[in-house]
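Working notes, beginning with the structure itself.
Because only heavy atoms are used, hydrogens play no part in the values below, and waters and symmetry mates are left out as well, while side chains stay in.
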Amino acid sequence: MGYLVVVTALWAFSFSLIGVYLAGQVDSYFAVMMRVGLAALVFLPLLKPGLLDLRHKLALMALGAVQLGIMYIFFYQSFVLLSVPEVLLFTIFTPIYITLLDDLMNKRLSPFYLLTAAIAVLGAAIIRYNEVSDGFWLGFAVVQGANLCFAIGQVAYRQVAPQLPADVAHRHVFGWFYLGALALVIVMFLLFGSTDKLPSQPVHFVVLGWLGIVAS
């Protein structure tokens, strides 16, 4: 629980930092590339390539490309379309996606867990609700894309983890997630990014560093 509290506190700053200091000022694809690239540098020293075979490495990279790469692309783009409170509001659907996907992959239906997830969503909606803007539907769809990608990664890793060697610690393989995400976001930046909106102020670099190294 202590780790959860610390991580939640660190992540809590991310929404406002992205919405206030990066959205509309720094190209979202570049911001994602920097966040993923810096995080990859953090985890690379812990990576032990000899512990896994090629099949497991590619599986983890594919999961990382979805859960971190595509998810962050959707997530950062949502701040261009929505206010910070709106993004917060629309992320509350993630627990339902995780519950439904987990049930689907295990060919079961868990009404109790789905009910608890729905209650959590309802409670978060009441707490986080703020009057939404008139054109929020596109933003809503973008955030749901991020939520779904995150949920896919969470549930899929739960399926892949038992297939990994028993003596392999998660910290020794997690770098593959970021390497897969980095490969994807580099391509996305080259295809869709704008060099006209690169970081130009010290606060941009500070925020990118915080998100990529500390929060990640």
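When all heavy atoms of Ala146 and Met71 are compared, the closest pair comes out as O-CG, 3.2 Å. The two residues Gln25 and Val20 make their nearest non-hydrogen contact at NE2-O, 2.9 Å.
Note: Phe177 and Phe174 have parallel aromatic rings, judged against thresholds of 30 and 60 degrees for the angle between ring planes. Between Phe43 and Tyr178, the two ring planes are parallel [angle under 30°; tilted spans 30° to 60°].
No side-chain heavy atom of Asn147 sits under 4.5 Å from any side-chain heavy atom of Phe74. Put simply, the side chain of Leu47 does not reach to within 4.5 Å of the side chain of His172, judged on heavy atoms. Looking at heavy atoms from C-beta onward, Leu211 lies in side-chain contact with Leu22 at the 4.5 angstrom threshold. Residues Val155 and Tyr97 fail the side-chain proximity criterion, which asks for heavy atoms closer than 4.5 Å. Phe30 places a side-chain heavy atom less than 4.5 Å from the side chain of Pro199.
Between Tyr21 and Phe79, the distance separating the two ring centers is not shorter than 6.0 angstrom.
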Could you go through His56 and Gln163, starting from their C-alpha distance and side-chain angles, then the distance that decides it, and tell me whether this counts as side chain to side chain donor-acceptor pair (under 3.5 Å)? CA-CA 8 Å; His56 289 140; Gln163 303 174 23; 4.6 Å; no
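Exactly one of Phe15, Phe90, Phe150 qualifies for a ring pair (Phe, Tyr, Trp, His ring centres under 6.0 Å) with Phe75. That residue is Phe15.
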